[in-house]
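Step one of this worksheet: look at the structure below.
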Amino acid sequence: MRGTTSPNPPVGCAIVGPGGELIASAGTHPAGGPHAEAAALAVAGERARGATAVVTLEPCNHTGRTGPCAEALARAGVAEVVYLAADPNPVAAGGAEYLRGRGVAVRHLAAPVAALEPWLAAVRLGRPAVTWKYAATADGFTAAADGTSQWITGPVARERVHRDRARRDAIIVGTGTAIADNPSLTARRPDGSPYPTQPRRVVIGSRPVPPGNLAELGYEQYPDPQTALRELWDTGARDVLVEGGAELARSFLEADLVDFVQAYTAPAFLGAGRGVLAGAVAGTIADARRFAPARVELVGEDVLFEMRRKA
């Protein structure tokens, strides 16, 4: 579901019976299709009457390409709605109040929903949420002194990266990476077959990209991060991944455009080589760009350290 719904959020909904039994569940369809609540109600039918709807995001209260989800839940006769995240979009918010006004019990559990975090950040910021992903050795190098970089991390980490790519609206690289590595920027299974959903491929910089994987698959090119994010937002992207290289990462950090970080660290040491960033982004430790730790995960033999922008 995530990676197919933008500009709408990747919402999930479950309809639960009075005895706790699962009646139906669904996720939001691609833009223009039914939202999660409407899709779940369609499966539940009359069994939704008197049931509880558990939704990851507050049901919307506006009419766009589809009708209001709050109205659909009330009309279906659900007895209670439980939602995890409040809707920060002023155009769509107010579903909880609408439901209460029609006699539906409403509970807000205020629980974090990982799949929604980029969309929530994007709505708050008015631009796509940016996740910077990199892989480095334990001493902070993304390539050896001779330029070799494949593979720093192991197959389990690489498989996870490709699954993550399939959930993003776009992958962004700089012209240096596009020219030097000739990447495909696709989301592939371990056997090489493509995932059914693919991100948009974006290159930032003014240098022309020679014929190769990107040219064959199609890509978008913009002169700088700000222009790229503005154009991506206007065309529906809400969740983008910055993958390379070191100069591009530095540009995003200097412009304060990084919202989440995925730092894959391999238990290996090089002692010299290419660093994560192409130059300093702070002149003193007091000015270091700091993020809030979110999660640490062992991925095969590598470690994934996830961070998010400090509140």
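All residue numbers in this chain count up from 1 along the given sequence.
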Just wondering, do Leu298 and Val303 contact through their side chains at under 4.5 Å, heavy atoms?
yes
Using only atom types and a distance under 3.5 Å, with no angle test, would you say the side chain of Thr153 pairs donor to acceptor with the backbone of Ala135?
no
Non-hydrogen side-chain atoms of Leu116 and Leu57 separated by less than 4.5 Å:
yes
Considering residues, nucleotides and ligands other than Glu97, do more than 12 of their heavy atoms fall under 6.0 Å from its CD?
no
Please lay out, stage by stage, how Tyr83 and Val54 fare under the test side-chain contact (heavy atoms from CB on, under 4.5 Å).
CA-CA 6 Å; Tyr83 68 97; Val54 181; over 6 Å; no
Tell me whether Val11 shares a hydrophobic cluster with Leu109, the cluster being built from Ile, Leu, Val, Met, Phe, Trp, Tyr side chains joined at under 4.5 Å.
yes
Is Trp233 reachable from Val202 through a run of hydrophobic residues whose side-chain heavy atoms are each under 4.5 Å from the next?
no
Thr131 side-chain N/O to Val261 backbone N/O, donor-acceptor pair under 3.5 Å:
no
What's the spacing between Glu247 CD and Ile204 CD1 if we round to 0.5 Å?
12.0 Å
What's the shortest heavy-atom distance between Ile23 and Ala51, and which atoms?
CD1-CB, 4.1 Å
Electrostatic pair Asp239-Arg167, nearest N-O below 4.0 angstrom:
no
Flag, side chain of Arg47 to backbone of Ile15, donor-acceptor distance under 3.5 Å
no
Any heavy-atom pair between the side chains of Val242 and Tyr134 that's under 4.5 Å?
no
Check step by step if side-chain contact (heavy atoms from CB on, under 4.5 Å) holds for His108 and Glu58.
CA-CA 8 Å; His108 179 201; Glu58 178 185 7; over 6 Å; no
So NE2 of His35 and SG of Cys60: to nearest 0.5 Å the spacing works out to 5.0 Å
Test item: side-chain donor near acceptor, Asp169 and Ser6, under 3.5 Å
yes
Heavy-atom donor-acceptor pair, Glu21 side chain to Gly19 backbone, under 3.5 Å:
yes
So, is the end of the Arg165 side chain (NZ or CZ) under 6.0 Å from the ring centre of Tyr195 and within 45° of the ring's axis?
no
Let me know which of Lys133, Glu243, Met307, Arg295 forms a side chain to side chain contact (heavy atoms under 4.5 Å, CB included) with Gln262.
Lys133
CG (Leu217) and CD (Gln198) are apart, to the nearest 0.5 Å, by 8.5 Å
Dump the intermediate steps for side-chain contact (heavy atoms from CB on, under 4.5 Å) on Leu253 and Trp132, then the final yes or no.
CA-CA 9 Å; Leu253 275 176; Trp132 170 36; 3.8 Å; yes
Are Thr52 and Val81 packed together at the side-chain level, in the sense that at least one heavy-atom pair is separated by less than 4.5 angstrom?
no
Glu231 atom CD: more than 12 heavy-atom contacts under 6.0 Å
yes
Do side-chain atoms of Asp181 reach the backbone of Pro183 as a donor and acceptor pair under 3.5 angstrom?
no
Out of curiosity, does Val161 fall in the hydrophobic cluster containing Leu241 (side-chain heavy atoms, cut-off under 4.5 Å, transitive links)?
no
Honestly, is Arg102 close enough over Tyr98, meaning NZ or CZ under 6.0 Å from the six-membered ring centre and within 45° of the axis?
yes
Interatomic distance, CG@Leu214 vs CD@Glu220, rounded to 0.5 Å, equals 11.5 Å
Contact between Ser206 and Pro223 at the side-chain level, heavy atoms closer than 4.5 Å - yes or no?
no
Between Asp259 and Arg127, does at least one N-O distance fall below 4.0 Å, as a salt bridge requires?
yes
Are the side chains of Ile172 and Arg201 in contact, using a 4.5 Å heavy-atom criterion?
no
Separation of Thr265 OG1 from Phe305 CZ (nearest 0.5 Å):
9.0 Å
Side chains of Thr284 and Asp287 only: does a donor on one sit below 3.5 Å from an acceptor on the other?
no
With clusters defined by side-chain heavy atoms of hydrophobic residues (ILVMFWY) lying less than 4.5 Å apart, directly or transitively, does Val130 cluster with Phe260?
no
For Arg160 and Tyr264, test the side chains for any donor-to-acceptor distance below 3.5 angstrom and give the result as yes or no.
yes
Measuring only between side-chain heavy atoms, which start at C-beta, is Pro34 closer than 4.5 Å to His29?
yes
Side-chain touch Asp224/Ser251, heavy atoms, less than 4.5 angstrom:
no
Heavy-atom donor-acceptor pair, Arg274 side chain to Gly147 backbone, under 3.5 Å
no
Leu41 side, atom CG; Arg49 side, atom CZ - distance, nearest 0.5 Å:
11.0 Å
Minimum-distance pair of heavy atoms, taken over all atoms of Ala85 and Leu120:
CB-CD1, 4.3 Å
How far apart are the closest heavy atoms of Ala246 and Gly275, and which atoms are they?
CB-O, 3.7 Å
For Thr235 and Leu232, indicate whether the former's side chain and the latter's backbone hold a donor-acceptor pair under 3.5 Å.
yes
May I ask you to say whether Arg168 pairs ionically with Asp164, meaning some side-chain N is under 4.0 Å from a carboxylate O?
yes
Just do the side-chain contact (heavy atoms from CB on, under 4.5 Å) check on Phe252 and Leu257 with the steps written out, would you?
CA-CA 5 Å; Phe252 270 87; Leu257 293 174; 3.7 Å; yes
